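Take a look at the structure set out below.
All values derive from a computational prediction rather than experimental measurement.
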Amino acid sequence: AKLDLNPPSEPSTERWNQNAQQLTLSLNNLYRRTFWTLEVNHTTDRRCDDWNQRDKDYYWCTDGVTADDGTIADFWEDSYKTIVRSNRVINSIEALGDREDLMVLKGEAYFFRAVGYGRLATHWGDVPYFTKDMTIEEALNTGRAKKDSVMALVYADFDKAIELLPD
């Protein structure tokens, strides 16, 4: 017998985002402090010469940052979590027929995706870019998109967000 890994009585990626309430919950999750640590903790300002805390020489300013740094790893991971969750909302709304009552939610998702990719491209330059869920094999074979093309897509997402969100 085949094991049902996604029982109908429990939420799953495959069955979530099927109505406005679930889509709203998915987007509300992206407002959590977890996804905004650089802004909340002044991380980027605090670690450059814009900050007035002169009693400490932060290793960020002396080329001491590596991918092993927890702040950097979290920033990369949380940015991609934002992007994946935004992609799922956008794709779910499109699968539901782009209903008028869901357009504000779609605008929010475009905003979050733009912020995620904008932050990554600003800090790393060329980054992996995708708008659909991928298999592990696809993810392993995805290269980096050029910063200029990523930023053009970021601005396009911001324009879509402006178009769909209320004044």
Straight-line distance of Leu120 CG to Lys147 NZ, nearest 0.5 Å
11.5 Å
Here the gap from Asn141 atom CG to Met134 atom CE, rounded to the nearest 0.5 Å, amounts to 10.0 Å
Nearest heavy-atom approach of Ala161 to Gly107 is CB-O, 3.4 Å
Using the salt bridge (charged side-chain N to carboxylate O under 4.0 Å, His left out) rule, collect all pairs that involve residues 94-104, keeping only residues at least two apart or in two chains.
Glu94-Lys106, Asp98-Lys106, Arg99-Asp101
With hydrophobic residues grouped by side-chain heavy-atom distances under 4.5 Å, do Leu27 and Leu165 end up in a single group?
no
Whether the side chain of Gln22 engages the backbone of Gln18 through a donor-acceptor N/O pair (distance < 3.5 Å, no angle test) should be reported.
yes
Are the side chains of Thr82 and Val115 in contact, using a 4.5 Å heavy-atom criterion?
no
Minimum heavy-atom separation for Ala121 and Met151, please, with both atom names.
CB-SD, 3.6 Å
Which pair of heavy atoms, one from Ala109 and one from Val89, lies closest together, and at what distance?
CB-CG1, 3.8 Å
Looking at Trp124 and Arg119, would you say the former's side chain and the latter's main chain have a donor-acceptor pair under 3.5 Å?
no
With rounding to the nearest 0.5 angstrom, report the CG to NZ distance, Leu30 to Lys81.
11.0 Å
Min side-chain heavy-atom separation Val104-Leu164 under 4.5 Å:
no
Answer yes if Trp76 and Phe35 sit in the same cluster of Ile, Leu, Val, Met, Phe, Trp and Tyr residues linked by side chain heavy atoms under 4.5 Å apart, and no otherwise.
yes
Quick one: do Ile162 and Met103 end up in the same hydrophobic cluster if we chain Ile, Leu, Val, Met, Phe, Trp and Tyr together by side-chain heavy atoms under 4.5 Å apart?
no
First locate atom CG of Leu105, then atom CD1 of Ile90, and finally report the distance between them rounded to the nearest 0.5 Å.
11.5 Å
Does the salt bridge (charged side-chain N to carboxylate O under 4.0 Å, His left out) test come out yes or no for Lys146 and Asp126, once each step is laid out?
CA-CA 5 Å; Lys146 295 287 183 197; Asp126 301 349; 3.6 Å; yes
Side chain of Tyr117, backbone of Phe130: donor and acceptor closer than 3.5 Å?
yes
Does the ring center of Tyr80 lie less than 6.0 Å from the ring center of Phe75?
no
Show the numbers, then the answer: is there a side-chain contact (heavy atoms from CB on, under 4.5 Å) between Leu102 and Leu96?
CA-CA 9 Å; Leu102 302 177; Leu96 292 170; 3.9 Å; yes
Does atom CG of Leu140 have more than 12 heavy-atom neighbours, drawn from other residues, nucleotides or ligands, at distances under 6.0 Å?
yes
Asn17 CG to Ile93 CD1 distance, which is reported to the nearest 0.5 Å
8.0 Å
Test of understanding: with ring-ring contact (aromatic ring centres under 6.0 Å, His included), list the residues that count as partners of Tyr110, not counting sequence neighbours.
none
Do you know which two heavy atoms are closest between Asp157 and Ala114, and how far apart they sit?
CB-CB, 3.7 Å
Phe158: what forms a ring-ring contact (aromatic ring centres under 6.0 Å, His included) with it, not counting sequence neighbours?
Phe111
Can you tell me how far the NE2 atom of His123 sits from the OG atom of Ser79, to the nearest 0.5 Å?
8.0 Å
How about Arg113 and Thr131: do any of their side-chain heavy atoms sit closer than 4.5 Å?
yes
Are Arg88 and Val84 close enough that some pair of their side-chain heavy atoms sits under 4.5 Å apart?
yes
Would you say the side-chain atoms of Asn91 and Lys132 include a donor-acceptor pair closer than 3.5 Å?
yes
